[in-house]
Protein chains: 2
Amino acid sequence: MTVRQDVHSVGIPVLCQSCEARHRGVCGALDPDQLVGLAKISSKQTIEPGVELIGDAETVDSYSNVLSGVVKLTKSLSDGRQQIVGLQFAPDFLGRPFKVESAINAEAATAVSLCSFPRASIERMIRESPELEHRLLKQTLNELDEAREWMVTLGRKTAAEKVASFLLMIARNIDPALDPATNTTSFELPLTRADIADFLGLTIETVSRQLTRLRTDGLIRIENNRHVTVTSLKRLASRSGA
Amino acid sequence: MTVRQDVHSVGIPVLCQSCEARHRGVCGALDPDQLVGLAKISSKQTIEPGVELIGDAETVDSYSNVLSGVVKLTKSLSDGRQQIVGLQFAPDFLGRPFKVESAINAEAATAVSLCSFPRASIERMIRESPELEHRLLKQTLNELDEAREWMVTLGRKTAAEKVASFLLMIARNIDPALDPATNTTSFELPLTRADIADFLGLTIETVSRQLTRLRTDGLIRIENNRHVTVTSLKRLASRSGA
DNA sequence: CAAAGGCATTGACCGAAATCAAGGCATTGG
DNA sequence: CCAATGCCTTGATTTCGGTCAATGCCTTTG
(Lines give C-alpha, C1' and ligand atoms only; values in the text may rest on other atoms or scores of the structure.)
Protein backbone atom coordinates (compact mmCIF):
# COMPACT_ATOMS: atom_id res chain seq x y z
CA MET A 1 0.00 0.00 0.00
CA THR A 2 1.23 3.44 -0.84
CA VAL A 3 0.25 6.99 -0.13
CA ARG A 4 -0.77 7.30 -3.72
CA GLN A 5 -4.21 5.78 -3.50
CA ASP A 6 -7.28 7.89 -2.83
CA VAL A 7 -5.31 11.01 -3.40
CA HIS A 8 -7.83 12.29 -5.91
CA SER A 9 -10.79 11.86 -3.63
CA VAL A 10 -12.85 14.81 -2.49
CA GLY A 11 -10.87 17.14 -0.31
CA ILE A 12 -11.21 18.04 3.32
CA PRO A 13 -10.43 21.76 3.62
CA VAL A 14 -10.58 21.65 7.40
CA LEU A 15 -7.65 19.30 7.33
CA CYS A 16 -5.43 21.78 5.62
CA GLN A 17 -6.50 24.57 7.87
CA SER A 18 -5.20 22.43 10.67
CA CYS A 19 -1.96 22.01 8.77
CA GLU A 20 -1.69 25.71 8.39
CA ALA A 21 -1.41 26.16 12.10
CA ARG A 22 1.83 24.20 12.04
CA HIS A 23 5.02 25.83 10.99
CA ARG A 24 7.03 23.34 9.03
CA GLY A 25 4.28 21.77 6.93
CA VAL A 26 3.44 22.52 3.33
CA CYS A 27 0.29 24.47 3.91
CA GLY A 28 1.85 26.99 6.21
CA ALA A 29 3.82 28.29 3.25
CA LEU A 30 0.80 29.03 1.09
CA ASP A 31 -1.61 31.92 1.01
CA PRO A 32 -5.25 31.12 1.92
CA ASP A 33 -6.48 31.15 -1.67
CA GLN A 34 -3.93 28.62 -2.77
CA LEU A 35 -4.66 26.63 0.33
CA VAL A 36 -8.32 26.23 -0.53
CA GLY A 37 -7.43 25.02 -3.99
CA LEU A 38 -4.92 22.57 -2.64
CA ALA A 39 -7.18 21.39 0.12
CA LYS A 40 -9.70 20.24 -2.45
CA ILE A 41 -7.26 17.73 -3.81
CA SER A 42 -5.73 16.66 -0.54
CA SER A 43 -6.67 13.55 1.37
CA LYS A 44 -6.16 12.49 4.93
CA GLN A 45 -5.23 8.93 5.76
CA THR A 46 -4.08 6.83 8.64
CA ILE A 47 -1.25 4.38 8.23
CA GLU A 48 -0.43 1.36 10.39
CA PRO A 49 3.08 0.84 11.78
CA GLY A 50 5.33 -1.05 9.40
CA VAL A 51 3.60 0.09 6.24
CA GLU A 52 5.96 1.25 3.52
CA LEU A 53 5.32 4.77 2.28
CA ILE A 54 8.15 5.22 -0.19
CA GLY A 55 9.75 2.18 -1.72
CA ASP A 56 13.07 1.81 -3.46
CA ALA A 57 11.76 0.80 -6.82
CA GLU A 58 8.77 3.02 -6.91
CA THR A 59 8.48 6.65 -7.84
CA VAL A 60 7.04 8.87 -5.17
CA ASP A 61 3.77 10.16 -6.48
CA SER A 62 2.56 12.33 -3.66
CA TYR A 63 3.72 14.66 -0.96
CA SER A 64 2.40 14.70 2.55
CA ASN A 65 2.37 16.56 5.80
CA VAL A 66 2.92 14.23 8.70
CA LEU A 67 0.04 15.16 11.02
CA SER A 68 0.87 12.70 13.79
CA GLY A 69 3.13 9.74 14.38
CA VAL A 70 6.68 9.08 13.23
CA VAL A 71 7.99 7.98 9.84
CA LYS A 72 11.41 6.38 9.56
CA LEU A 73 13.65 6.79 6.53
CA THR A 74 15.94 3.85 5.94
CA LYS A 75 18.71 2.76 3.63
CA SER A 76 19.98 -0.77 3.26
CA LEU A 77 23.09 -2.58 2.10
CA SER A 78 22.71 -5.48 -0.30
CA ASP A 79 23.26 -8.05 2.45
CA GLY A 80 20.41 -6.67 4.52
CA ARG A 81 22.24 -4.46 6.99
CA GLN A 82 20.04 -1.45 7.55
CA GLN A 83 20.48 2.11 8.70
CA ILE A 84 17.79 4.59 9.67
CA VAL A 85 18.90 7.88 8.09
CA GLY A 86 16.14 10.12 9.35
CA LEU A 87 12.93 10.38 11.32
CA GLN A 88 10.02 12.57 10.29
CA PHE A 89 7.90 13.87 13.13
CA ALA A 90 4.75 15.94 12.79
CA PRO A 91 4.54 18.47 11.26
CA ASP A 92 7.33 17.56 8.87
CA PHE A 93 6.91 17.48 5.15
CA LEU A 94 7.37 14.07 3.55
CA GLY A 95 8.30 13.28 -0.02
CA ARG A 96 11.03 14.52 -2.29
CA PRO A 97 10.54 17.55 -4.47
CA PHE A 98 12.13 16.50 -7.80
CA LYS A 99 13.19 12.98 -8.39
CA VAL A 100 16.41 11.80 -6.83
CA GLU A 101 18.17 8.66 -7.90
CA SER A 102 19.03 7.60 -4.36
CA ALA A 103 17.47 4.47 -2.93
CA ILE A 104 15.62 5.36 0.21
CA ASN A 105 12.69 3.80 2.03
CA ALA A 106 10.07 5.47 4.18
CA GLU A 107 8.03 3.42 6.58
CA ALA A 108 5.56 4.22 9.33
CA ALA A 109 7.34 3.63 12.64
CA THR A 110 4.20 4.26 14.66
CA ALA A 111 0.62 4.76 13.57
CA VAL A 112 0.84 7.76 11.26
CA SER A 113 -1.73 10.15 9.88
CA LEU A 114 -0.88 12.02 6.73
CA CYS A 115 -2.32 14.82 4.66
CA SER A 116 -1.35 14.01 1.07
CA PHE A 117 -1.24 16.00 -2.14
CA PRO A 118 -0.73 14.65 -5.65
CA ARG A 119 2.72 15.22 -7.01
CA ALA A 120 1.63 17.25 -10.02
CA SER A 121 -0.28 19.77 -7.92
CA ILE A 122 2.56 20.36 -5.53
CA GLU A 123 4.99 20.80 -8.39
CA ARG A 124 2.72 23.32 -10.01
CA MET A 125 2.45 25.24 -6.75
CA ILE A 126 6.20 25.22 -6.37
CA ARG A 127 6.52 26.74 -9.81
CA GLU A 128 3.97 29.40 -9.00
CA SER A 129 4.88 30.12 -5.41
CA PRO A 130 8.45 31.06 -4.48
CA GLU A 131 7.34 31.11 -0.86
CA LEU A 132 6.68 27.37 -0.95
CA GLU A 133 10.06 26.67 -2.45
CA HIS A 134 11.61 28.84 0.24
CA ARG A 135 9.83 26.76 2.84
CA LEU A 136 11.08 23.55 1.27
CA LEU A 137 14.63 24.85 1.21
CA LYS A 138 14.46 25.67 4.88
CA GLN A 139 13.14 22.25 5.81
CA THR A 140 15.79 20.60 3.66
CA LEU A 141 18.51 22.65 5.34
CA ASN A 142 17.15 21.56 8.70
CA GLU A 143 17.18 17.93 7.68
CA LEU A 144 20.74 18.33 6.43
CA ASP A 145 21.79 19.72 9.80
CA GLU A 146 20.09 16.88 11.60
CA ALA A 147 21.74 14.34 9.34
CA ARG A 148 25.16 15.86 9.99
CA GLU A 149 24.54 15.94 13.70
CA TRP A 150 23.83 12.21 13.55
CA MET A 151 26.94 11.58 11.52
CA VAL A 152 28.93 12.79 14.54
CA THR A 153 26.93 10.48 16.76
CA LEU A 154 27.41 7.51 14.44
CA GLY A 155 31.08 8.09 13.81
CA ARG A 156 32.43 9.31 17.10
CA LYS A 157 30.23 8.44 20.06
CA THR A 158 30.29 5.36 22.29
CA ALA A 159 27.27 3.08 22.61
CA ALA A 160 26.33 4.70 25.93
CA GLU A 161 26.55 8.19 24.43
CA LYS A 162 24.56 7.14 21.38
CA VAL A 163 21.65 5.85 23.44
CA ALA A 164 21.63 8.93 25.69
CA SER A 165 21.72 11.21 22.63
CA PHE A 166 18.88 9.26 21.09
CA LEU A 167 16.64 9.66 24.12
CA LEU A 168 17.34 13.39 24.24
CA MET A 169 16.60 13.77 20.55
CA ILE A 170 13.29 11.93 20.88
CA ALA A 171 12.30 13.96 23.92
CA ARG A 172 12.95 17.19 22.06
CA ASN A 173 11.02 16.10 18.98
CA ILE A 174 8.03 14.76 20.84
CA ASP A 175 7.84 17.89 22.93
CA PRO A 176 9.41 20.76 20.94
CA ALA A 177 8.44 23.20 23.67
CA LEU A 178 10.51 21.27 26.19
CA ASP A 179 11.88 23.81 28.62
CA PRO A 180 15.66 23.46 28.89
CA ALA A 181 15.32 24.31 32.56
CA THR A 182 13.03 21.42 33.43
CA ASN A 183 14.80 18.32 34.45
CA THR A 184 12.20 15.70 33.78
CA THR A 185 10.00 14.60 30.89
CA SER A 186 8.22 11.53 29.66
CA PHE A 187 7.17 10.13 26.29
CA GLU A 188 6.35 7.02 24.27
CA LEU A 189 9.31 5.63 22.36
CA PRO A 190 8.30 5.68 18.70
CA LEU A 191 10.80 2.96 17.81
CA THR A 192 11.37 -0.67 18.76
CA ARG A 193 14.76 -1.75 20.10
CA ALA A 194 15.58 -3.06 16.63
CA ASP A 195 14.79 0.33 15.11
CA ILE A 196 16.85 2.13 17.71
CA ALA A 197 19.74 -0.19 16.91
CA ASP A 198 19.37 0.56 13.21
CA PHE A 199 19.27 4.24 14.00
CA LEU A 200 22.41 4.21 16.15
CA GLY A 201 24.51 1.69 14.27
CA LEU A 202 24.39 -0.78 17.14
CA THR A 203 22.85 -4.20 17.85
CA ILE A 204 19.60 -4.80 19.70
CA GLU A 205 21.48 -6.32 22.61
CA THR A 206 23.75 -3.32 23.06
CA VAL A 207 20.79 -0.94 23.00
CA SER A 208 19.01 -3.03 25.60
CA ARG A 209 22.06 -3.16 27.85
CA GLN A 210 22.59 0.59 27.66
CA LEU A 211 18.94 1.28 28.48
CA THR A 212 19.20 -1.08 31.42
CA ARG A 213 22.27 0.78 32.56
CA LEU A 214 20.51 4.15 32.42
CA ARG A 215 17.62 2.60 34.33
CA THR A 216 19.70 1.03 37.10
CA ASP A 217 21.67 4.27 37.38
CA GLY A 218 18.38 6.08 38.01
CA LEU A 219 18.37 8.44 35.01
CA ILE A 220 15.27 6.97 33.39
CA ARG A 221 12.31 4.72 34.11
CA ILE A 222 10.74 2.44 31.52
CA GLU A 223 7.23 1.02 31.60
CA ASN A 224 5.81 -1.47 29.11
CA ASN A 225 9.04 -1.32 27.09
CA ARG A 226 7.87 1.85 25.43
CA HIS A 227 6.96 4.50 27.95
CA VAL A 228 10.08 6.33 29.07
CA THR A 229 10.33 8.81 31.91
CA VAL A 230 13.53 10.79 32.06
CA THR A 231 14.10 11.72 35.67
CA SER A 232 17.23 13.77 35.10
CA LEU A 233 17.64 15.45 31.76
CA LYS A 234 20.82 17.06 33.04
CA ARG A 235 22.50 13.78 33.88
CA LEU A 236 21.28 12.30 30.62
CA ALA A 237 22.74 15.23 28.68
CA SER A 238 26.04 14.89 30.50
CA ARG A 239 26.23 11.31 29.23
CA SER A 240 25.40 12.21 25.66
CA GLY A 241 28.93 13.27 24.76
CA ALA A 242 27.99 16.92 24.07
CA MET B 1 41.71 34.43 8.18
CA THR B 2 38.27 34.17 6.68
CA VAL B 3 36.68 34.41 3.29
CA ARG B 4 35.24 37.71 4.31
CA GLN B 5 38.23 39.86 3.63
CA ASP B 6 38.71 41.40 0.20
CA VAL B 7 35.17 40.52 -0.68
CA HIS B 8 34.39 44.08 -1.62
CA SER B 9 37.36 44.48 -3.89
CA VAL B 10 36.95 45.08 -7.60
CA GLY B 11 35.42 42.09 -9.32
CA ILE B 12 36.72 39.75 -11.96
CA PRO B 13 33.88 39.08 -14.38
CA VAL B 14 35.87 36.45 -16.27
CA LEU B 15 35.89 34.40 -13.14
CA CYS B 16 32.15 34.23 -12.97
CA GLN B 17 31.86 33.37 -16.60
CA SER B 18 34.01 30.41 -15.83
CA CYS B 19 31.72 29.53 -12.94
CA GLU B 20 28.80 29.60 -15.27
CA ALA B 21 30.16 26.74 -17.26
CA ARG B 22 29.89 24.56 -14.18
CA HIS B 23 26.58 23.13 -13.22
CA ARG B 24 26.30 23.18 -9.47
CA GLY B 25 27.74 26.62 -8.74
CA VAL B 26 25.86 29.83 -7.98
CA CYS B 27 26.44 31.60 -11.26
CA GLY B 28 24.98 28.86 -13.39
CA ALA B 29 21.59 29.70 -11.96
CA LEU B 30 21.63 33.36 -12.91
CA ASP B 31 20.85 35.14 -16.14
CA PRO B 32 23.77 36.95 -17.82
CA ASP B 33 22.71 40.43 -16.71
CA GLN B 34 22.58 39.45 -13.08
CA LEU B 35 25.82 37.63 -13.54
CA VAL B 36 27.65 40.72 -14.65
CA GLY B 37 26.32 42.61 -11.66
CA LEU B 38 27.31 39.88 -9.32
CA ALA B 39 30.67 39.40 -10.91
CA LYS B 40 31.53 42.99 -10.13
CA ILE B 41 31.28 42.33 -6.45
CA SER B 42 32.86 38.92 -6.45
CA SER B 43 36.45 38.18 -5.59
CA LYS B 44 38.68 35.26 -6.30
CA GLN B 45 41.08 34.00 -3.72
CA THR B 46 43.38 31.12 -3.03
CA ILE B 47 43.41 29.42 0.35
CA GLU B 48 46.14 27.29 1.88
CA PRO B 49 45.35 23.86 3.33
CA GLY B 50 44.31 24.01 6.96
CA VAL B 51 42.84 27.50 6.81
CA GLU B 52 39.46 27.83 8.44
CA LEU B 53 36.72 29.18 6.20
CA ILE B 54 33.70 29.02 8.46
CA GLY B 55 34.21 29.03 12.19
CA ASP B 56 31.89 27.98 14.98
CA ALA B 57 31.58 31.31 16.66
CA GLU B 58 31.57 33.42 13.61
CA THR B 59 28.71 34.30 11.31
CA VAL B 60 29.22 33.36 7.71
CA ASP B 61 29.47 36.58 5.80
CA SER B 62 30.00 35.40 2.29
CA TYR B 63 29.11 32.68 -0.15
CA SER B 64 31.54 31.04 -2.52
CA ASN B 65 31.86 28.75 -5.44
CA VAL B 66 34.63 26.25 -4.91
CA LEU B 67 36.65 26.59 -8.12
CA SER B 68 39.28 24.00 -7.29
CA GLY B 69 40.45 21.98 -4.33
CA VAL B 70 38.49 20.34 -1.53
CA VAL B 71 36.88 21.89 1.53
CA LYS B 72 36.05 19.70 4.53
CA LEU B 73 33.08 20.37 6.79
CA THR B 74 33.62 19.21 10.34
CA LYS B 75 31.79 18.97 13.61
CA SER B 76 33.35 18.34 16.99
CA LEU B 77 32.39 17.04 20.39
CA SER B 78 33.40 19.03 23.44
CA ASP B 79 36.28 16.68 24.26
CA GLY B 80 37.84 17.14 20.84
CA ARG B 81 36.59 14.09 18.99
CA GLN B 82 35.95 15.21 15.44
CA GLN B 83 33.83 14.07 12.55
CA ILE B 84 34.00 15.23 8.95
CA VAL B 85 30.35 15.61 7.87
CA GLY B 86 30.88 16.60 4.28
CA LEU B 87 33.36 17.40 1.55
CA GLN B 88 32.88 20.16 -0.98
CA PHE B 89 34.50 19.58 -4.34
CA ALA B 90 34.54 22.02 -7.21
CA PRO B 91 32.12 23.29 -8.43
CA ASP B 92 30.13 23.07 -5.22
CA PHE B 93 28.56 26.04 -3.58
CA LEU B 94 29.85 26.84 -0.11
CA GLY B 95 28.14 28.79 2.63
CA ARG B 96 24.71 28.57 4.21
CA PRO B 97 21.80 30.54 2.85
CA PHE B 98 20.05 31.81 6.01
CA LYS B 99 21.67 31.50 9.36
CA VAL B 100 21.56 28.13 11.05
CA GLU B 101 22.27 27.64 14.72
CA SER B 102 24.28 24.49 14.14
CA ALA B 103 27.98 24.53 14.91
CA ILE B 104 29.89 23.58 11.83
CA ASN B 105 33.41 24.28 10.64
CA ALA B 106 34.70 24.54 7.11
CA GLU B 107 38.39 24.20 6.43
CA ALA B 108 40.49 23.92 3.30
CA ALA B 109 41.62 20.30 3.02
CA THR B 110 43.83 21.02 0.02
CA ALA B 111 44.81 24.28 -1.60
CA VAL B 112 41.47 25.81 -2.53
CA SER B 113 40.45 28.60 -4.85
CA LEU B 114 37.15 30.30 -4.26
CA CYS B 115 34.92 32.81 -5.98
CA SER B 116 33.21 34.69 -3.17
CA PHE B 117 30.18 36.98 -2.98
CA PRO B 118 29.12 39.14 -0.07
CA ARG B 119 26.25 37.72 1.92
CA ALA B 120 23.92 40.65 1.39
CA SER B 121 24.20 40.49 -2.41
CA ILE B 122 23.46 36.81 -2.57
CA GLU B 123 20.48 37.19 -0.31
CA ARG B 124 19.11 39.97 -2.45
CA MET B 125 19.53 37.82 -5.54
CA ILE B 126 17.75 34.95 -3.85
CA ARG B 127 14.83 37.21 -3.10
CA GLU B 128 14.73 38.43 -6.69
CA SER B 129 15.50 35.23 -8.51
CA PRO B 130 13.44 32.08 -7.85
CA GLU B 131 15.76 30.24 -10.20
CA LEU B 132 18.66 30.73 -7.81
CA GLU B 133 16.64 29.45 -4.90
CA HIS B 134 15.66 26.46 -6.99
CA ARG B 135 19.32 25.79 -7.65
CA LEU B 136 20.11 26.04 -3.96
CA LEU B 137 17.33 23.62 -3.11
CA LYS B 138 18.68 21.11 -5.58
CA GLN B 139 22.19 21.33 -4.24
CA THR B 140 20.92 21.03 -0.69
CA LEU B 141 18.93 17.92 -1.61
CA ASN B 142 22.06 16.45 -3.15
CA GLU B 143 24.06 17.15 -0.03
CA LEU B 144 21.33 15.59 2.06
CA ASP B 145 21.48 12.44 -0.04
CA GLU B 146 25.24 12.31 0.28
CA ALA B 147 25.01 12.78 4.03
CA ARG B 148 22.50 9.95 4.33
CA GLU B 149 24.60 7.70 2.17
CA TRP B 150 27.50 8.28 4.58
CA MET B 151 25.29 7.60 7.56
CA VAL B 152 24.92 4.05 6.23
CA THR B 153 28.67 3.81 5.84
CA LEU B 154 29.33 5.16 9.33
CA GLY B 155 26.69 3.08 11.06
CA ARG B 156 26.77 -0.23 9.26
CA LYS B 157 30.00 -0.85 7.37
CA THR B 158 33.21 -2.51 8.57
CA ALA B 159 36.53 -0.67 8.58
CA ALA B 160 37.55 -2.41 5.35
CA GLU B 161 34.29 -1.46 3.64
CA LYS B 162 34.54 2.10 4.87
CA VAL B 163 37.98 2.62 3.37
CA ALA B 164 36.99 1.00 0.07
CA SER B 165 33.84 3.16 -0.08
CA PHE B 166 35.91 6.24 0.65
CA LEU B 167 38.31 5.59 -2.20
CA LEU B 168 35.44 5.02 -4.61
CA MET B 169 33.71 8.20 -3.48
CA ILE B 170 36.87 10.24 -3.96
CA ALA B 171 37.51 8.72 -7.37
CA ARG B 172 34.00 9.62 -8.50
CA ASN B 173 34.23 13.18 -7.20
CA ILE B 174 37.65 13.90 -8.61
CA ASP B 175 36.62 12.52 -11.97
CA PRO B 176 32.83 12.88 -12.29
CA ALA B 177 33.02 11.56 -15.84
CA LEU B 178 34.53 8.31 -14.63
CA ASP B 179 33.27 5.62 -16.95
CA PRO B 180 31.69 2.81 -14.93
CA ALA B 181 33.09 0.40 -17.49
CA THR B 182 36.72 1.36 -16.94
CA ASN B 183 38.46 -0.61 -14.30
CA THR B 184 41.30 1.68 -13.40
CA THR B 185 41.76 5.29 -12.32
CA SER B 186 44.20 7.41 -10.40
CA PHE B 187 44.04 10.55 -8.29
CA GLU B 188 45.61 12.59 -5.49
CA LEU B 189 44.03 11.92 -2.10
CA PRO B 190 42.71 15.28 -0.88
CA LEU B 191 42.86 14.17 2.75
CA THR B 192 45.55 13.10 5.20
CA ARG B 193 45.19 9.79 7.03
CA ALA B 194 43.93 11.72 10.05
CA ASP B 195 41.24 13.37 7.92
CA ILE B 196 40.22 10.07 6.39
CA ALA B 197 39.91 8.65 9.90
CA ASP B 198 37.73 11.59 10.94
CA PHE B 199 35.64 11.09 7.85
CA LEU B 200 35.09 7.37 8.41
CA GLY B 201 34.79 7.28 12.19
CA LEU B 202 38.02 5.27 12.52
CA THR B 203 41.53 5.82 13.87
CA ILE B 204 44.59 6.72 11.80
CA GLU B 205 46.07 3.31 12.47
CA THR B 206 43.05 1.43 11.22
CA VAL B 207 42.92 3.53 8.04
CA SER B 208 46.60 2.87 7.44
CA ARG B 209 46.20 -0.87 7.97
CA GLN B 210 43.23 -1.08 5.61
CA LEU B 211 45.08 0.85 2.92
CA THR B 212 48.04 -1.47 3.34
CA ARG B 213 45.73 -4.43 3.00
CA LEU B 214 44.25 -3.08 -0.26
CA ARG B 215 47.78 -2.47 -1.48
CA THR B 216 49.15 -5.92 -0.64
CA ASP B 217 46.00 -7.47 -2.13
CA GLY B 218 46.80 -5.67 -5.37
CA LEU B 219 43.68 -3.48 -5.66
CA ILE B 220 45.51 -0.17 -5.37
CA ARG B 221 48.96 1.35 -5.56
CA ILE B 222 50.08 4.32 -3.46
CA GLU B 223 52.95 6.69 -4.21
CA ASN B 224 54.15 9.45 -1.90
CA ASN B 225 51.35 8.68 0.56
CA ARG B 226 48.95 10.69 -1.54
CA HIS B 227 48.85 9.51 -5.12
CA VAL B 228 46.52 6.54 -5.43
CA THR B 229 46.08 4.32 -8.46
CA VAL B 230 43.13 1.98 -8.36
CA THR B 231 43.98 -1.01 -10.48
CA SER B 232 40.65 -2.77 -10.11
CA LEU B 233 37.60 -0.61 -9.52
CA LYS B 234 35.46 -3.75 -9.73
CA ARG B 235 37.27 -5.52 -6.92
CA LEU B 236 37.31 -2.32 -4.89
CA ALA B 237 33.55 -1.92 -5.36
CA SER B 238 32.98 -5.51 -4.35
CA ARG B 239 34.70 -4.74 -1.06
CA SER B 240 32.74 -1.58 -0.42
CA GLY B 241 29.71 -3.35 0.99
CA ALA B 242 27.36 -2.23 -1.80
C1' DC C 1 74.81 17.63 7.15
C1' DA C 2 72.37 16.89 11.34
C1' DA C 3 68.47 17.75 14.02
C1' DA C 4 63.67 18.34 14.32
C1' DG C 5 58.98 17.82 13.18
C1' DG C 6 55.07 16.12 10.53
C1' DC C 7 52.96 12.23 8.71
C1' DA C 8 52.54 7.33 8.00
C1' DT C 9 53.35 2.40 9.04
C1' DT C 10 53.70 -1.64 11.89
C1' DG C 11 53.37 -4.52 16.01
C1' DA C 12 51.61 -6.02 20.62
C1' DC C 13 47.94 -5.81 23.50
C1' DC C 14 43.36 -4.55 25.22
C1' DG C 15 38.59 -3.58 25.54
C1' DA C 16 33.95 -2.21 23.82
C1' DA C 17 30.59 -3.98 21.26
C1' DA C 18 29.18 -8.01 18.38
C1' DT C 19 27.87 -12.64 18.35
C1' DC C 20 25.93 -16.71 20.17
C1' DA C 21 22.70 -18.61 23.26
C1' DA C 22 19.09 -18.99 26.74
C1' DG C 23 15.14 -17.36 28.85
C1' DG C 24 11.35 -13.89 30.28
C1' DC C 25 7.08 -11.61 29.52
C1' DA C 26 3.44 -10.01 27.01
C1' DT C 27 -0.25 -10.80 23.48
C1' DT C 28 -2.70 -13.86 20.21
C1' DG C 29 -5.20 -17.66 18.81
C1' DG C 30 -6.48 -22.51 18.70
C1' DC D 1 -5.67 -23.17 29.15
C1' DC D 2 -1.70 -23.91 26.61
C1' DA D 3 1.17 -23.29 22.57
C1' DA D 4 3.05 -19.91 19.54
C1' DT D 5 4.91 -15.60 18.39
C1' DG D 6 7.05 -11.13 18.91
C1' DC D 7 9.80 -8.30 21.55
C1' DC D 8 13.05 -7.67 25.04
C1' DT D 9 16.67 -8.87 28.52
C1' DT D 10 20.67 -11.13 30.29
C1' DG D 11 24.84 -13.97 30.25
C1' DA D 12 29.09 -16.09 28.09
C1' DT D 13 32.36 -15.69 24.62
C1' DT D 14 34.63 -13.77 20.57
C1' DT D 15 36.34 -10.32 17.56
C1' DC D 16 37.16 -6.09 15.38
C1' DG D 17 38.99 -1.97 15.89
C1' DG D 18 41.19 1.06 19.46
C1' DT D 19 45.20 2.12 22.32
C1' DC D 20 49.92 2.30 23.26
C1' DA D 21 54.44 2.26 21.58
C1' DA D 22 58.27 2.01 18.39
C1' DT D 23 60.02 3.04 13.93
C1' DG D 24 60.36 4.85 9.23
C1' DC D 25 60.22 8.02 6.11
C1' DC D 26 60.25 12.82 4.02
C1' DT D 27 60.73 17.76 4.33
C1' DT D 28 62.34 21.75 6.63
C1' DT D 29 65.67 24.50 8.87
C1' DG D 30 69.65 25.97 11.22
Side-chain angles (χ1 to χ4, degrees), chain A residues 48-50 72 77 79-83 109-111 153-167 188-217 220-228 239 241, chain B residues 48-51 72 77 79-83 107 109-111 153-167 188-217 220-228 239 241:
Chain A
E48 290 304 300
K72 56 180 181 178
L77 300 178
D79 63 1
R81 280 174 288 176
Q82 199 173 56
Q83 177 69 43
T110 65
T153 301
L154 287 171
R156 288 304 183 200
K157 288 187 185 175
T158 64
E161 290 168 339
K162 285 179 178 180
V163 172
S165 303
F166 172 76
L167 292 175
E188 293 294 314
L189 274 182
L191 301 185
T192 65
R193 302 292 187 273
D195 283 339
I196 299 174
D198 281 346
F199 194 77
L200 296 174
L202 299 172
T203 60
I204 307 180
E205 294 93 327
T206 298
V207 171
S208 178
R209 278 186 252 268
Q210 295 302 334
L211 286 174
T212 301
R213 185 116 196 285
L214 289 174
R215 191 158 36 74
T216 59
D217 288 357
I220 62 174
R221 272 182 284 121
I222 304 183
E223 285 130 37
N224 298 327
N225 281 344
R226 288 291 193 123
H227 189 81
V228 174
R239 293 201 189 187
Chain B
E48 290 305 300
V51 172
K72 55 180 181 177
L77 300 178
D79 64 0
R81 281 174 287 176
Q82 198 174 57
Q83 176 69 42
E107 188 181 323
T110 64
T153 300
L154 287 171
R156 289 304 185 201
K157 288 187 185 175
T158 65
E161 290 168 339
K162 285 180 177 179
V163 172
S165 303
F166 171 77
L167 291 176
E188 293 295 313
L189 273 183
L191 301 185
T192 65
R193 301 292 186 271
D195 283 338
I196 299 173
D198 281 345
F199 195 76
L200 296 174
L202 299 171
T203 60
I204 308 180
E205 293 94 327
T206 299
V207 171
S208 178
R209 279 186 252 268
Q210 295 301 334
L211 286 173
T212 300
R213 184 116 198 285
L214 290 173
R215 191 159 35 75
T216 59
D217 288 357
I220 61 174
R221 271 181 285 122
I222 304 181
E223 285 131 37
N224 299 326
N225 281 346
R226 288 290 194 128
H227 188 81
V228 174
R239 292 201 189 187

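We name chains A, B, ... by the order of the sequence lines, and we start the count at 1 in each one. No hydrogens, no waters, no symmetry mates; every other heavy atom, side chains included, goes into these values.
- Following rounding to the nearest Å, A/R81 (CZ) and C/dT19 (C1') show an atom-to-atom distance of 15 Å.
- With rounding to whole Å, A/R226 atom CZ is found 6 Å from D/dC8 atom P.
- Between A/L167 and A/L214, some side-chain heavy-atom pair lies under the 4.5 Å cut-off.
- Using a 4.5 Å cut-off on side-chain heavy atoms (C-beta onward), A/I204 and A/V207 make no contact.
- When side chains are defined from C-beta on, A/F166 does not count as touching A/L211, because their heavy atoms never get closer than 4.5 Å.
- If you measure from atom CD of A/E161 to atom P of C/dA16, you get 12 Å, rounded to the nearest angstrom.
- Minimum interatomic distance between A/T153 and A/K162 (heavy atoms only, all atoms of both residues): O-CE, 3.3 Å.
- Residues A/L154 and A/Q83 have side chains in contact (heavy-atom distance under 4.5 Å, counting atoms from C-beta outward).
- Atom CG of A/N225 and atom C1' of C/dT27 are 12 Å apart (whole Å).
- A heavy atom closer than 4.0 Å to some atom of DNA chain C occurs in B/E205, B/S208, B/R209, B/T212, these being the qualifying members of residues 199-212 of chain B.
- Distance CZ (A/R193) to P (C/dA17): 18 Å, rounded to an integer number of Å.
- Distance, A/K157 NZ to D/dG18 C1': 19 Å, rounded to whole Å.
- Applying the 6.0 Å contact sphere to CG of B/D79 captures more than 12 heavy atoms from other residues, nucleotides or ligands.
- Put simply, the side chain of A/Q210 does not reach to within 4.5 Å of the side chain of A/L202, judged on heavy atoms.
- Atoms CG (A/L214) and P (D/dC8) sit 16 Å apart, rounded to a whole Å.
- Here C/dA16 presents its P atom at 17 Å from CZ of A/R156, a figure rounded to the nearest Å.
- Between B/D198 and B/K72 the shortest side-chain heavy-atom distance does not fall below 4.5 Å.
- Between the side chain of A/T216 and the main chain of A/T212, a donor-acceptor pair closer than 3.5 Å is present.
- DNA chain C is contacted by both A/A160 and B/L191; B/L191 maps to the nucleotide lying nearer its 5′ end (nearest heavy atom per residue).
- Annotation: the terminal axes of the helix from C/dC1-D/dG30 to C/dG30-D/dC1 meet at 20°, where each axis is the rotation carrying the C1' atoms of four end pairs onto the next four (5 pairs per end, rounded to 10°).
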